[in-house]
Amino acid sequence: MNEPARRLSVVVLVLFLALMGAASYIQVIGADDLNQDPRNVRTLYREYGNFRGPIVVDGEAVVWSQPVDDPFNYQRSYTQGSLYAAATGFYSIVYGRSGLEQTENALLNGSADALFWTRLGNLFAGEQQQGASVETTLSAGLQEVAAEQLGSQRGAVVALDPATGEVLAMVTSPTYDPAVLAGHDTATVNENYAELLAREDGPLINRAIAGDTYPPGSTFKLVVAAAALEGGYTPDTELYGPQQLALPGTSRTISNFGDAECAGDEYLPLSDALRISCNTAFADLGMSLGWGVLERKARDFGWDEPLEIPLPVTASRLPESPNESETAMSALGQFDVRATPLQMAMVASAIANDGVLMKPYLVDTVRASDLTVVSQTEPEEYRQSMSAEDASDLTQMMVGAVSDGTGRAARIDGVEVAGKTGTAQTGQDTPPHAWFVSFAPADDPVIAVAVIVEEGGETGSGATGGSVAAPIARSIMERAIQLDAEGDL
């Protein structure tokens, strides 16, 4: 063979090897990435061509797939979509997935490893692959009451079963209907998504668990009180609560709501300080305990800890190395203390459950298409937040706040309710956030609730946690107690 022919054969061999290598890479190494690429229409057709499992609330499918006469074969449908959007999320051929549609996608579309034997059975039977059903912990009755009570006000509600950690209600407002993003007309879906993004009130934000965190205001006094009880204080321990408290190293002072006096002689028991939500007493208490003590106790309740329920939860935040005056503000749930509504529901839940914080969860049972159980969530202890004795003392202090304190609007006839109000300042020119956290019945809790209404809701600058958020929580707790008595909770 002459030299030119030999060179040409080498070039051809190299090209052939490159072609083989590229094909091997695409078919083996890069196959998964290509399959996951949202621009891959074949992947979309294949995924939509299989029956996707339903998402279930109280035994009824609130999300399901129905056959349609187009290349995608199935259309995702949502019953009361706006009511459950915070949990279900959306499933879109244009914008992908969110919520449970995302976190449980492999189960819903049938590709999860846990469904291997189901897929094998379908293959041998010549049947189409089918996804599993995902049964949530949500209570339809509580979800409806929470959404109705919150109304069009910006905010969120989270309700937990203190004994198990089940998420009984999760409502965010404003909300949206996932159906407008689930259509197969891409132009319409793009238009609908653009409209949702353009809205200033942020309907796509899940304020309950994953939106901006909020200053918890006086609801954080529960954490401070828990730290004090652990440090040897009792409900009868006298605290210093003047009408105004000077902040060390500054010219500023802390005052009470309405510039009121907490006690005539400037001293009052810890129980009364919580009952009337005395700012100066808790600011002074925070400085006496020290930031390290408050920080450790907050972490005992789950602060600064990433969490999945399985939806990803934004971690609540604490200030870094605050000075003495900043510690005083932090003890009031201000400065750089931030929390999600779920976090505050966890605080109430831990107190209600004898100091044991159960890990919150939203998915109860997953069933294959033949209704066999694929997985079932077992309640899991997440933290020992405080001792049972301290939790009992704090419960009684919270009962006092509802029976004869700032939380009177949450009272339920014939039932002891434990609660704590919060009115969190957000800036000089904006109304405060209104908070209420609670559980009931106090002696045998079936529900723990956290409510936030952003910037005072319809009340505006005159809002307080007691006047705006407490009535919402009361309605939810009343419904929970009724459902529990009927055996439906």
Side-chain angles (χ1 to χ4, degrees), residues 47-48 51-68 70 72-105 107-109 131-159 167-199 201-211 309-312 341 362-364 476:
E47 182 172 343
Y48 275 78
F51 176 81
R52 187 174 178 85
I55 299 175
V56 179
V57 174
D58 278 351
E60 299 291 332
V62 297
V63 184
W64 75 98
S65 294
Q66 61 182 12
V68 291
D70 67 22
F72 294 102
N73 293 339
Y74 288 98
Q75 168 71 55
R76 204 64 167 156
S77 297
Y78 297 83
T79 298
Q80 295 180 286
S82 59
L83 179 62
Y84 295 107
T88 66
F90 60 76
Y91 184 62
S92 170
I93 61 174
V94 182
Y95 296 102
R97 303 170 290 265
S98 68
L100 290 176
E101 293 275 38
Q102 167 61 27
T103 63
E104 309 308 288
N105 181 57
L107 290 164
L108 290 167
N109 69 23
S133 62
V134 172
E135 300 176 2
T136 71
T137 59
L138 295 174
S139 163
L142 295 182
Q143 192 81 356
E144 289 167 2
V145 170
E148 178 184 343
Q149 291 296 313
L150 192 57
S152 60
Q153 301 175 109
R154 294 201 316 270
V157 173
V158 177
V167 179
L168 301 176
M170 184 170 67
V171 170
T172 179
S173 175
T175 184
Y176 70 101
D177 187 353
V180 304
L181 303 179
H184 295 171
D185 183 335
T186 57
T188 300
V189 169
N190 278 317
E191 181 180 337
N192 292 338
Y193 190 70
E195 289 179 359
L196 290 172
L197 284 180
R199 284 176 51 178
D201 54 1
L204 292 173
I205 299 171
N206 188 340
R207 289 167 161 82
I209 62 170
I309 64 171
L311 306 186
L362 184 58
V363 175
D364 181 25
I476 298 166

| query | Which residue pairs satisfy the salt bridge (Lys or Arg N to Asp or Glu O under 4.0 Å) criterion with at least one member in residues 140-158, sequence neighbours excluded? | reply |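 Salt bridge (Lys or Arg N to Asp or Glu O under 4.0 Å) check on residues 140-158 returns Arg154-Glu454, Arg154-Glu455.
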
Between [atom1] on residue [X] and [atom2] on residue [Y], distance to nearest 0.5 Å:
X      : Y     : atom1 : atom2 : result
Leu108 : Tyr91 : CG    : OH    : 9.0 Å
Leu181 : Ile93 : CG    : CD1   : 11.0 Å
Asp177 : Leu83 : CG    : CG    : 10.5 Å

On a heavy-atom basis, which atom in [X] and which in [Y] lie closest, and how many Å separate them?
X      : Y      : result
Arg199 : Pro174 : NH2-CB, 3.7 Å
Tyr176 : Pro203 : CD2-O, 3.4 Å
Ser65  : Arg76  : OG-NH1, 3.0 Å
Ser82  : Pro178 : N-CD, 4.2 Å
Val57  : Leu138 : CG1-O, 3.6 Å

Name all residues meeting the side-chain contact (heavy atoms from CB on, under 4.5 Å) criterion together with [X]; count only those two or more places apart in sequence or in a different chain, and write none if there are none.
X      : result
Ala208 : Ala156, Val158, Met170, Asn206
Thr103 : Leu100, Pro310, Leu311, Pro312
Gln102 : Arg97
Ala146 : Val157, Val171, Ile476

| task | Would you indicate whether the side-chain heavy atoms of Ser133 and Glu104 approach each other to under 4.5 Å? | result |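 They are not in side-chain contact.
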
| said: Taking the cut-offs as 6.0 angstrom to the six-membered ring centre and 45 degrees off its axis, would you call Arg52 and Tyr74 a cation-pi pair? | reply: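 No, Arg52 does not sit over the ring of Tyr74.
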
| query | In this structure, which one of Leu362, Asp364, Thr136 forms a side chain to side chain contact (heavy atoms under 4.5 Å, CB included) with Val167? | reply |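 Per the side chain to side chain contact (heavy atoms under 4.5 Å, CB included) rule, the option paired with Val167 is Leu362, out of Leu362, Asp364, Thr136.
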
| field | Leu107, Ile55, Val134, Ile309 screened by side chain to side chain contact (heavy atoms under 4.5 Å, CB included) with Val363, the one that passes | value |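 Passing option: Val134.
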
Residues in side chain to side chain donor-acceptor pair (under 3.5 Å) with [X], at least two apart?
X      : answer
Glu135 : Arg367
Ser77  : Gln66
Tyr78  : Glu101
Thr172 : none

Do any side-chain atoms of residues 190-197 form donor-acceptor pairs under 3.5 angstrom with protein atoms, and if so which ones, sequence neighbours left out?
| from | atom 1 | to | atom 2 | distance (Å) |
| --- | --- | --- | --- | --- |
| Asn190 | OD1 | Tyr95 | OH | 2.5 |
| Asn190 | ND2 | Thr186 | O | 3.1 |
| Asn192 | ND2 | Val180 | O | 2.9 |
| Asn192 | ND2 | Thr188 | O | 3.3 |

| Do side-chain atoms of Arg207 reach the backbone of Gly202 as a donor and acceptor pair under 3.5 angstrom? |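 Yes, the answer is positive, given that a donor and an acceptor are paired below the 3.5 Å cut-off.
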
| said: Has Gln153 got a side-chain atom pairing as donor or acceptor with Leu150's backbone, closer than 3.5 angstrom? | reply: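 Yes.
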
